[in-house]
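Worksheet: one structure, shown below.
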Amino acid sequence: MRHIVVIGGGIVGLAVANELASRGDRVTVLEKEGRWGAHQTGHNSNVVHAGLYYKPGSLKATMSVAGNRSMVDFAHEHGVPVEVCGKLVVATSEEELPRLHALADRAEANGVPAKLISAAEARDHEPEVACVQALRVESTGIIDFPAVCQALVARLKDHDLRLHTPALAIRSRAGKVEVATPQDVVRADVLVNCAGLHSDRVAELAGLTPQARIVPFRGEYFELRRTELVRGLIYPVPDPTLPFLGVHLTRMLDGSVHCGPNAVLALRREGYRWRDVSPKDVLDVARFPGTWKLARKYARTGLEEVLRSFSRKRFAASLARLVPEVREDDLLPSGAGVRAQAMRPDGSLVDDFLVQGAPGQVHVLNAPSPAATGSLEIAKHVADLTRS
Ligand SMILES: Cc1cc2nc3c(=O)[nH]c(=O)nc-3n(C[C@H](O)[C@H](O)[C@H](O)COP(=O)(O)OP(=O)(O)OC[C@H]3O[C@@H](n4cnc5c(N)ncnc54)[C@H](O)[C@@H]3O)c2cc1C
């Protein structure tokens with residue numbers, strides 16, 4: 001029986017561990033925090049994406065479409081709260097229509113059922129929405145991703161799952177991989193790196209030169225006081241030149257409505273507030289040549305995002321384009337999440353999921369949204385790679 005050590009107890013690491021265990025491997029999971037899913041997995045929008053945005057044939061497209069189904073099935077089987085409520089992507093001006101139509105074509109290419117509907121039909125779903133046309137996507141859902149992690153942990157009860165256990169050093173020795181933790185050294189046949197915001201650093205610890213570096217982008221949320229303004233999920237038409245979907249309104253399973261997330265450069269990899277600063281992380285980003293190329297490319301958008309981060313009024317104005325009734329005093333500060341987005345030295349952001357292999361090792365180096373949706377599919381892909 002093979003012994004596999006997985007670094008990172010977010011949804012991807014736990015899904016990989018579960019997949020390997022179901023194929024007969026013995027698994028050790030090392031998580032540095034005191035709870036599972038403590039970072040990206042526990043700070044996101046909790047949306048089961050349908051898979052309409054991503055380039056046809058990409059890992060993101062195939063794994064989110066398949067993951068949408070496998071995640072909902074998993075939730076039903078394990079008593080995890082989930083609701084397939086559908087969503088609206090709304091064009092708020094005539095200029096946005098070509099992009100909305102392109103999105104409808106992409107949904108079709110990805111096999112995602114989606115229908116262009118009129119403004120009046122959109123208001124049947126969302127009475128407060130303002131748009132000229134919308135795309136209705138039925139298979140989008142809302143879920144509790146931390147509860148998915150708990151269900152995965154329960155399935156792994158016969159395996160070695162360790163909280164408060166950072167991987168500090170890694171070396172290969174006599175055909176085995178050794179991972180030093182503060183308590184002991186774990187010896188295994190294969191290493192899987194699912195360390196999210198630290199995945200590039202863990203890859204370096206293992207002697208790999210990662211093809212890309214992690215840049216942390218914080219996404220801040222507000223909660224909508226007047227929840228009656230939103231019934232489900234309302235998204236803008238995304239700008240295809242930007243890596244994120246734009247601030248949106250999401251009804252959560254508990255009935256609250258989350259607004260956001262925006263996207264600002266975080267000054268610490270796990271920095272959930274502006275005052276969370278790590279000189280090491282800032283220097284890392286500043287020294288990477290890609291950062292400066294990225295900054296030049298997105299200078300204007302970046303500045304707007306920073307201004308919006310400090311101005312509730314601007315945040316409300318972005319939301320009011322979708323739902324005009326939203327006002328500044330409707331927004332109550334809520335949490336934030338930090339995305340682990342990989343960037344190449346030329347400043348381009350890695351669009352697709354990125355998994356890099358080496359003898360006895362598999363590294364998940366880019367697993368941003370919709371990786372929580374696609375986690376059970378990413379797990380199958382990674383498990384296959386541990387045998388190649
Ligand atoms: C604001 C925001 C909104 C999002 N919305 C959605 C959404 O609605 N739907 C969706 O599908 N996706 C969404 N995502 C993306 C999704 O959250 C991530 O793709 C997913 O959670 C990635 O999981 P992960 O396991 O790779 O990373 P993480 O959850 O970050 O887990 C990595 C783990 O590795 C641990 N770790 C790191 N280094 C070490 C070490 N040296 N030793 C031991 N442990 C270590 C960390 O502590 C962490 O727990 C969103 C992300 C953000 C930030």
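Counting starts at 1 for both ligands and their atoms, following the listed order. A quick note: this is a predicted structure, and the numbers were derived from the prediction, not measured. Just so it is clear, the values below take in all heavy atoms, side chains as well, and ignore hydrogens, waters and symmetry mates.
Among all non-hydrogen protein atoms, the one lying nearest atom 13 (C) of ligand 1 is S369 OG, 3.4 Å. Scanning all protein heavy atoms for the shortest distance to atom 17 (O) of ligand 1 gives N44 ND2, 2.8 Å. Among protein heavy atoms, atom 1 (C) of ligand 1 sits closest to Y221 OH, 3.4 Å.
Not a single heavy atom of G37 lies less than 4.0 angstrom from ligand 1.
Looking only at atom types and distance, the side chain of S309 has a donor-acceptor partner in the side chain of E220 under 3.5 Å away.
Numbered from 1 in the order shown, with element, the atoms of ligand 1 that lie under 4.0 Å from a heavy atom of T165 read 43 (C).
Below 3.5 Å of separation, one finds no N or O of H43 facing any N or O of ligand 1. Where the criterion is an N or O separation shorter than 3.5 Å, residue side chain and backbone included, P261 fails it with respect to ligand 1. Not one N or O of H198 is nearer than 3.5 Å to an N or O of ligand 1, by distance alone. In terms of polar-atom proximity, A167 is counted as a contact of ligand 1, with an N or O under 3.5 Å from an N or O of the ligand. Between V12 and ligand 1, at least one N/O pair is under 3.5 Å apart.
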* Asked: Between F217 and E305, is a side-chain contact (heavy atoms from CB on, under 4.5 Å) present by the stated rule, with each step listed?
  -> CA-CA 11 Å; F217 283 98; E305 289 287 323; over 6 Å; no
* To do: Could you go through the side-chain contact (heavy atoms from CB on, under 4.5 Å) check for N193 and Q361 one step at a time?
  => CA-CA 8 Å; N193 164 12; Q361 304 179 4; over 6 Å; no
